[in-house]
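The structure appears below as structure tokens.
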Protein chains: 2
Amino acid sequence: MSSVQEVNPRVRGIRDPVNLQNLAAQISHQIAQGEQKAFTKVIDLSSCDPHRTGMPPISFVRQVLSLCCYPELLKEDSFPLDVKQKTQKLLEACNGGSIGSYSSSTVGLPPIQRSVAEFLTRRDGGINSNPEDIILSSGSQKTLMMIRLLSREDGQDGVLAPLPFPHTLPMLLDEVGVELVPYRLTEERGWALDLEELHRALMTARRQCDPRAIYVSNPGNPTGHVQDRETIEKIIHFAASERLVLLVEEVYQDSVFGQDKKFLSYKKVLFEMGVSYSETVEMVSFHSISTATMGECGLRGGYMELINLDPAVKKFLFHAPGSPSILPQLAMEIMVNPPAPGDASYEKYTQILLRAETLSQNAGRACKLLNSLPGMSCQPAMGGVFLYPRLHLPAEIIEEMLRLSADVLYCRRLLEEEGICLGPGCENGHNDENFHIRFCVLAPPAVLEDVLTRLCSFHRHLLNRSD
Amino acid sequence: MSSVQEVNPRVRGIRDPVNLQNLAAQISHQIAQGEQKAFTKVIDLSSCDPHRTGMPPISFVRQVLSLCCYPELLKEDSFPLDVKQKTQKLLEACNGGSIGSYSSSTVGLPPIQRSVAEFLTRRDGGINSNPEDIILSSGSQKTLMMIRLLSREDGQDGVLAPLPFPHTLPMLLDEVGVELVPYRLTEERGWALDLEELHRALMTARRQCDPRAIYVSNPGNPTGHVQDRETIEKIIHFAASERLVLLVEEVYQDSVFGQDKKFLSYKKVLFEMGVSYSETVEMVSFHSISTATMGECGLRGGYMELINLDPAVKKFLFHAPGSPSILPQLAMEIMVNPPAPGDASYEKYTQILLRAETLSQNAGRACKLLNSLPGMSCQPAMGGVFLYPRLHLPAEIIEEMLRLSADVLYCRRLLEEEGICLGPGCENGHNDENFHIRFCVLAPPAVLEDVLTRLCSFHRHLLNRSD
């Protein structure tokens, strides 16, 4: 197997990422070595990684994890009572009372599965969630497994996905050899979904592959769109009539800030559509501890709730190899079961919930400024953590596309000249002349302000250069 | 995709585990509900999971992880200086100085890759290890990816693996649809490898699949065998001449205790065989923080060192999706770079190294006792954490095999009657009438003694029942 020709061709298909991250790391290294730049550090807002840009973690979460790592600290007086109580409860959930032991189940610690199910039942106004339908995982492995279960050996399978899509999605689908079939969202309507476009995409897909599932991101990554009940009902109806599995990413459910907008879970809508839907439509909902509020991206933890999945299919999923790591499960338990009124840490904890306010203000401020620039237009976000502005670039810059797409070139120059790393829209599926950039606005306001100033300056210079 | 027939047939092949773990969980639950049993708790020694049975974690490791979770504690006086210094060094390796940020690379934090490479260079007496050949991962995902890279779409690929094999191996190979082709180890020679058997297995394999790699476990899981230089040289020569990739599990390299035995890495032997080997043989060595000494199984962390792997193949591996979690990487750094003489925590840290002594005594004590039982024989272990005794059972018990294999039945009764969970040898590949049980001896001596007493009593009763 010493040549690439011998590599499994499905795996061979994995896209080569744009590698702005590598360039960002190189530039940071140069600065550390004392090289003079126009900036003193690189700020990366191409992904949602809030602690990296200086958003503080939730101290209750970190205190509990700290005590779980070193329970000797339970003897000290320096921690609030509810931190100690939560630690004790979580350690009891671990085998042998230690974070160093394996989960006995490959889908997570049963008490944590129960906590998640209780959270979902509360969230959806009493619609029952079954702990046995909850899979806790340390990252994308179980998701990959599930998508593999959807795919068959004979012939090419596909998944319908929004365009723009979350930038991490194509790599996941590539790895399991499943084709991504895009349905275009309507930019001028704030990236809303158009049902006719969904039908068109499905018809197109059927000429090239066997579409097995539809992927939805709500609140939208990277669009910031938040779906209303009517849209969700239509998508569920579409999935039901076309016998597609609904894969619903609901990771930013805690960050909806658009006026009169609120988060509605697909599960709640499904169950309110009556038993002909709630007992038949196959659905998987994803959540994560890498959210706007929690932001624990480095711990790598999430859950999937499986709804109406065939028991035989579920069985395979539950027997897939790999024991999930313990600490991200404990962090998930804290996320779904945080301090309550009356607890010592409650007041401090609620302060972090002001993050939604910061996020909303950041998104509004950035959107307004971006729209004030020539050659840039941006739909306002109603939720999530990203803005996804469109670039209207002069022909000279677009001509350089021969070497690199204009969005990649734009982001690369911005990184080299100003130390700001944003994401090119080609990573979200826009690879025609419809150029966008992906911009995470979850950062401390002062950091955001700095980024906006440098971005505006760069953008104006770029346009002037081409005059 | 609502029926199992539609599930990807390769995935469909995933074996149904024996599920003694589920039974153990049920029994524990019954005890918690107040049900009366002949025992007060279940002890599981079917896997290596030392913290679960009460082996204490290394306090230096846990102190540092605790401070990394909640750096506010750096201000307190209660931690030794070297704990604080290590914490600061590790936090500097994290993006944004926080364990809550993503690794920017999908193969780990570069400073941790460097620490691992330095450890390997020291371990192998100066043979250079390149940080760019180190992949840090949170579990089996990258391994799966690598095995997928080995496999091709057209035709059935295979991996040669020892019989008995590590009980987690078949699930990994099943998931990627690669066939496990066993080469039998010789029990009566302490589970040594026989080169003729390796050739026989390869010839057999070639009739049914395309063997791409050979898997080696040294020190042996579950055999406890430790390979000598001559054997390692023969296997490397075999892999070279048959153009097989060497996949070497060296997870128990820190627990070799047989008289005059020491651990020799495959890489060191490879490089001492001269450039015709050291520059050509493709090899991947695995290590983990779930070792005998460290025992941090719940954190899920490990590394792979890639030697001579085709750069094109490596590229795919480095671009595979999934960001590794941070804390297990930090624990790995501590493992390869522990307190040094003169550091405040050094003396306390060296005490944990006495664990090898405990392990050696446990293995000796258990082996002697098992060999004293009628109907049981056990090869002494030279390293690792398992004993793998053979059962010589009366015909009446074997007759019950119609329902369940005798080894599974034995383990199941032992669990139901005595609350001891051991692993049936069928999970390690012995599924003929050659019955074995897998027994991890890494436990506090008092726990081991309790287990041995109950095991002996159960075994004698079982044999008497059949008289």
Side-chain angles (χ1 to χ4, degrees), chain A residues 1-4 6-11 14 16-17 21 25 49 51-54 57 62-63 65-66 69-70 73 95-96 98-102 104 138-141 148-153 168 171-172 175 212 245 282 295-300 310 312-313 316 319-322 325-327, chain B residues 1-4 6-11 14 16-17 21 25 49 51-54 57 62-63 65-66 69-70 73 95-96 98-102 104 138-141 148-153 168 171-172 175 212 245 282 295-300 310 312-313 316 319-322 325-327:
Chain A
M1 81 118 205
S2 49
S3 96
V4 68
E6 291 183 59
V7 169
N8 184 328
R10 285 204 164 170
V11 183
I14 287 180
D16 205 348
Q21 310 297 321
D49 194 2
H51 298 169
R52 188 172 183 173
T53 52
R62 293 302 191 84
Q63 287 174 326
L65 294 183
S66 178
C69 284
Y70 191 55
L73 293 173
N95 284 319
S98 171
I99 61 151
S101 312
Y102 290 111
S104 34
S138 329
S140 52
Q141 195 176 354
R148 279 198 83 219
L149 283 163
L150 294 173
S151 78
R152 298 166 316 173
E153 285 286 277
T168 50
M171 291 241 284
L172 284 179
E175 190 174 331
R212 313 279 282 171
V245 181
E282 290 182 274
E296 295 291 357
C297 304
L299 285 176
R300 316 294 298 119
D310 186 291
V313 175
F316 295 114
H319 285 166
S325 54
I326 301 299
L327 286 171
Chain B
M1 85 117 204
S2 51
S3 94
V4 67
E6 291 183 59
V7 170
N8 184 327
R10 287 204 163 171
V11 183
I14 288 181
D16 204 349
Q21 309 296 321
D49 194 1
H51 298 169
R52 188 173 182 172
T53 52
R62 292 303 191 82
Q63 286 173 327
L65 294 182
S66 177
C69 285
Y70 191 55
L73 294 173
N95 284 319
S98 170
I99 61 152
S101 312
Y102 290 111
S104 33
S138 329
S140 52
Q141 195 177 352
R148 278 196 85 217
L149 283 164
L150 294 173
S151 77
R152 297 167 317 174
E153 284 286 277
T168 49
M171 290 240 284
L172 284 180
E175 189 174 331
R212 313 278 283 171
V245 181
E282 289 182 276
E296 293 291 356
C297 303
L299 285 177
R300 316 294 300 120
D310 186 291
V313 175
F316 294 115
H319 286 165
S325 53
I326 301 299
L327 286 171

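Below, chain A is the first sequence line, B the second, and so on; all start at residue 1.
For the options B/N95, B/I326, B/L65, heavy-atom pairs under 4.5 Å to chain A are most numerous at B/N95. The choice from B/C297, B/G54, B/S325, B/S98 that makes the most heavy-atom pairs within less than 4.5 Å of chain A is B/C297. Heavy-atom pairs under 4.5 Å with chain B peak, among A/G295, A/G96, A/S101, at A/S101.
B/S66 meets the side-chain contact (heavy atoms from CB on, under 4.5 Å) test with A/S66, A/C69, A/Y70, A/L73, B/L73; sequence neighbours excluded.
For the pair B/I99/A/R62, a side-chain contact is recorded, criterion being any heavy-atom separation below 4.5 Å from C-beta on. A heavy-atom distance below 4.5 Å is found between the side chains of B/L327 and A/L299.
A donor-acceptor pair under 3.5 Å is formed between the side chain of B/D49 and the backbone N or O of A/Y102.
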